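Notes for the one structure printed next.
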Amino acid sequence: MKVACADREVSVHSHCGYCRHCAGVRVGKRTIPTPQRQAFSGVQQGGNPDENLLNAAMMFNTLVRDGTAIECDDDAGEGFASMYRR
């Protein structure tokens, strides 16, 4: 699945979940936060990075499958910005 991102289309699975602009996935009436964001904060606190990030990616794919929209807070139109680089 692809979505519009700034001036191009990107894959939801390889970009959105890892973008600092991704606010979550709309499932029904709720927006569920991106699991990768929670896993990344756990990594910064000393968790098991590989396993946590892999589990978060699988959960994100499940949310995308069940969801109806990706919520993006990129109001400035910057496009993809990795949450791993500051």
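Remember, it's a predicted structure, so these values are computed and weren't measured experimentally.
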Query raised in the report: About how many Å separate CG of Asn55 and CE of Met59, when rounded to the nearest 0.5 Å?
Result: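 Taking CE in Met59 and CG in Asn55, the distance rounds to 8.5 Å.
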Query raised in the report: At what distance, to the nearest 0.5 angstrom, does CD of Gln36 lie from CZ of Arg20?
Result: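 If we round to the nearest 0.5 Å, Gln36:CD and Arg20:CZ are 15.5 Å apart.
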**Report entry** Residues forming a side-chain contact (heavy atoms from CB on, under 4.5 Å) with Asp74, sequence neighbours excluded
**Finding:**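 Partners of Asp74 under the side-chain contact (heavy atoms from CB on, under 4.5 Å) test: His21, Cys72, Ala76, Glu78.
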Query raised in the report: For Val10, which residues count as a side-chain contact (heavy atoms from CB on, under 4.5 Å) partner, sequence neighbours excluded?
Result: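 Here the qualifying residues are Val3, Cys5, Arg8, His15.
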Requested in this report: Treat each ILVMFWY residue as a node, draw an edge where side-chain heavy atoms are under 4.5 Å apart, and state whether Val27 and Phe60 are in one component.
Outcome: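 Yes, Val27 and Phe60 fall within the same hydrophobic cluster.
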Query - Linked, directly or transitively: Met1 and Ile32 (ILVMFWY side chains, under 4.5 Å) - result: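 Linked, Met1 and Ile32 end up in one cluster.
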Requested in this report: Please identify each residue that fulfils salt bridge (charged side-chain N to carboxylate O under 4.0 Å, His left out) with Glu71, with sequence neighbours left out.
Outcome: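 Once residues adjacent in sequence are excluded, the partners of Glu71 under the salt bridge (charged side-chain N to carboxylate O under 4.0 Å, His left out) criterion are Arg26.
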Query raised in the report: Taking C-beta and beyond as the side chain, do Val25 and Ile70 meet within less than 4.5 Å on heavy atoms?
Result: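 The answer is yes; the side chains approach within 4.5 Å.
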Exercise: identify the closest heavy-atom pair between [X] and [Y]:
X	Y	answer
Cys22	Asp73	N-OD1, 4.5 Å
Cys19	Gly79	SG-O, 4.4 Å
Ala39	Ala56	CB-CB, 3.7 Å

Requested in this report: Begin from the C-alpha positions of His13 and Asn61 and carry the test side-chain contact (heavy atoms from CB on, under 4.5 Å) through to its verdict.
Outcome: CA-CA 7 Å; His13 300 284; Asn61 289 341; 2.7 Å; yes
